[in-house]
Amino acid sequence: QVQLVESGGGLVQTGGSLRLSCAASGRTFRNYGMGWFRQDPGKERDVVAVISRNTGSTYYAESVKGRFTISRDNAKNTVYLQMNSLKPEDTAVYYCAADRTGVLRTNPSAYDYWGQGTQVTVSS
């Protein structure tokens, strides 16, 4: 069992930056693939960025490439999402998720554990 707790969301102006953190419980964090997803009300949950368990592989949605960076610190059981050059269309609830297979997966249904989400609002 893994418990995930996101933090770092908030209100920021267009062009600003935020860093989201996701703290995981458990001693097997390093074995999990981790992902960040986002969801607007009434819409599907979409992948933002994913990192494999060995940190050698990452995936980014086209809309965030060059602006967002996913990283992980296995010693701290934490995964991060650095978000720069934020746009109003980045406004959403952001969720982190853990996948037991440890590989890169972009489909939300593949993930086993989810955090409660953190709101990111980008004002124009």
Side-chain angles (χ1 to χ4, degrees):
Q1 188 76 12
V2 174
Q3 292 185 324
L4 304 173
V5 179
E6 301 100 333
S7 61
L11 173 64
V12 65
Q13 291 185 332
T14 295
S17 297
L18 285 173
R19 188 176 82 155
L20 305 183
S21 299
C22 174
S25 66
R27 293 176 290 179
T28 59
F29 172 78
R30 65 179 63 248
N31 294 331
Y32 286 80
M34 300 297 297
W36 286 98
F37 296 80
R38 65 188 182 189
Q39 187 171 23
D40 284 330
K43 296 186 178 181
E44 294 184 350
R45 192 167 295 186
D46 294 326
V47 65
V48 175
V50 176
I51 188 166
S52 66
R53 63 185 174 187
N54 61 11
T55 77
S57 298
T58 57
Y59 168 90
Y60 295 93
E62 197 64 35
S63 59
V64 306
K65 279 183 180 178
R67 300 188 298 122
F68 291 11
T69 303
I70 188 171
S71 62
R72 65 190 298 163
D73 185 338
N74 288 338
K76 295 183 178 180
N77 279 15
T78 302
V79 62
Y80 304 97
L81 185 68
Q82 178 66 44
M83 305 186 295
N84 299 327
S85 302
L86 283 161
K87 305 175 181 180
E89 51 264 43
D90 294 318
T91 296
V93 177
Y94 284 70
Y95 298 88
C96 76
D99 166 34
R100 285 177 291 189
T101 68
V103 299
L104 286 179
R105 293 199 171 190
T106 60
N107 189 333
S109 64
Y111 284 74
D112 303 290
Y113 304 104
W114 291 86
Q116 82 288 352
T118 185
Q119 177 70 47
V120 171
T121 303
V122 184
S123 63
S124 57

ask   = Out of Tyr80, Tyr95, Trp36, which one pairs with Cys22 under the side chain to side chain contact (heavy atoms under 4.5 Å, CB included) rule?
value = Trp36

ask   = Within a strict 4.5 Å, meaning less than it, do heavy atoms of the Asp112 and Asp99 side chains meet?
value = yes

query = Can you find a pair of side-chain heavy atoms, one from Met83 and one from Arg67, that are under 4.5 Å apart?
reply = no

inquiry  = Could you measure the distance from the OG atom of Ser124 to the CD atom of Gln13? Nearest 0.5 Å is fine.
reply    = 9.5 Å

remark   = In this structure, CG of Leu18 is separated from OG1 of Thr118 (nearest 0.5 Å) by 9.0 Å

Derivation and outcome, side-chain contact (heavy atoms from CB on, under 4.5 Å), residues Leu86 and Phe68 = CA-CA 9 Å; Leu86 283 161; Phe68 291 11; 3.8 Å; yes

request  = Kindly write out the residues that satisfy ring pair (Phe, Tyr, Trp, His ring centres under 6.0 Å) with Tyr111, not counting sequence neighbours, or none if the list is empty.
outcome  = Phe37

ask   = Does Phe29 reach the side chain of Val2, with side-chain heavy atoms less than 4.5 Å apart?
value = no

note = Rounded to the nearest 0.5 Å, the OG1 atom of Thr101 sits from the CG atom of Asn31 at a distance of 11.0 Å

request  = Determine, using the 4.5 Å side-chain heavy-atom cutoff (strictly less than), whether Leu104 and Val47 are members of one ILVMFWY cluster.
outcome  = yes

task = Determine yes or no for a side-chain-to-main-chain donor-acceptor pair under 3.5 angstrom, with Glu6 supplying the side chain and Cys96 the backbone.
result = yes

task = Evaluate whether atom CZ of Arg100 has more than 12 neighbouring non-hydrogen atoms of other residues, nucleotides or ligands under 6.0 angstrom away.
result = no

remark   = Taking every heavy atom of Ile51 against every heavy atom of Val79, the minimum-distance pair comes out as CG2-CG2, 4.2 Å

request  = Could you tell me whether the side chain of Gln82 and the main chain of Arg19 form a donor-acceptor pair under 3.5 Å?
outcome  = no

ask   = Side chains of Thr14 and Pro88: does their closest heavy-atom pair fall under 4.5 Å?
value = yes

task = Enter the distance from Asp46:CG to Asp40:CG here, rounded to the nearest 0.5 Å.
result = 8.5 Å

request  = Under the side-chain contact (heavy atoms from CB on, under 4.5 Å) rule, what do Leu4 and Met34 come out as? Steps first, then yes or no, please.
outcome  = CA-CA 11 Å; Leu4 304 173; Met34 300 297 297; 4.1 Å; yes

task = Would you please name every residue forming a side-chain contact (heavy atoms from CB on, under 4.5 Å) with Ala61, sequence neighbours left out?
result = Ser63, Val64

query = Shortest non-hydrogen contact from Gly117 to Val93?
reply = CA-CG1, 3.9 Å

ask   = Any idea which heavy atoms bring Asn84 and Ser17 closest together, and the distance?
value = OD1-OG, 2.9 Å

query = Does the side chain of Val103 reach to within under 4.5 Å of the side chain of Ser52, using non-hydrogen atoms?
reply = no

message = Less than 6.0 angstrom from the centroid, inside 45 degrees of the normal: does Arg72 satisfy that with respect to the ring of Tyr32?
response = no

query = Out of curiosity, Thr58 OG1 to Lys65 NZ, how far, rounded to the nearest 0.5 Å?
reply = 9.5 Å

inquiry  = For Thr78 versus Ala23, what's the shortest heavy-atom pair and its separation?
reply    = OG1-CA, 4.1 Å

query = Is any side-chain heavy atom of Gln119 closer than 4.5 Å to a side-chain heavy atom of Thr91?
reply = yes

message = Tell me the closest heavy-atom pair linking Ser123 and Leu11, and the distance in Å.
response = CB-CD1, 4.3 Å

ask   = Between atom CZ of Arg45 and atom CG of Asn107, what is the distance when rounded to the nearest 0.5 Å?
value = 12.0 Å

task = Could you tell me which non-hydrogen atom of Pro108 sits nearest to which non-hydrogen atom of Trp114, and how far apart they are?
result = O-CZ2, 3.4 Å

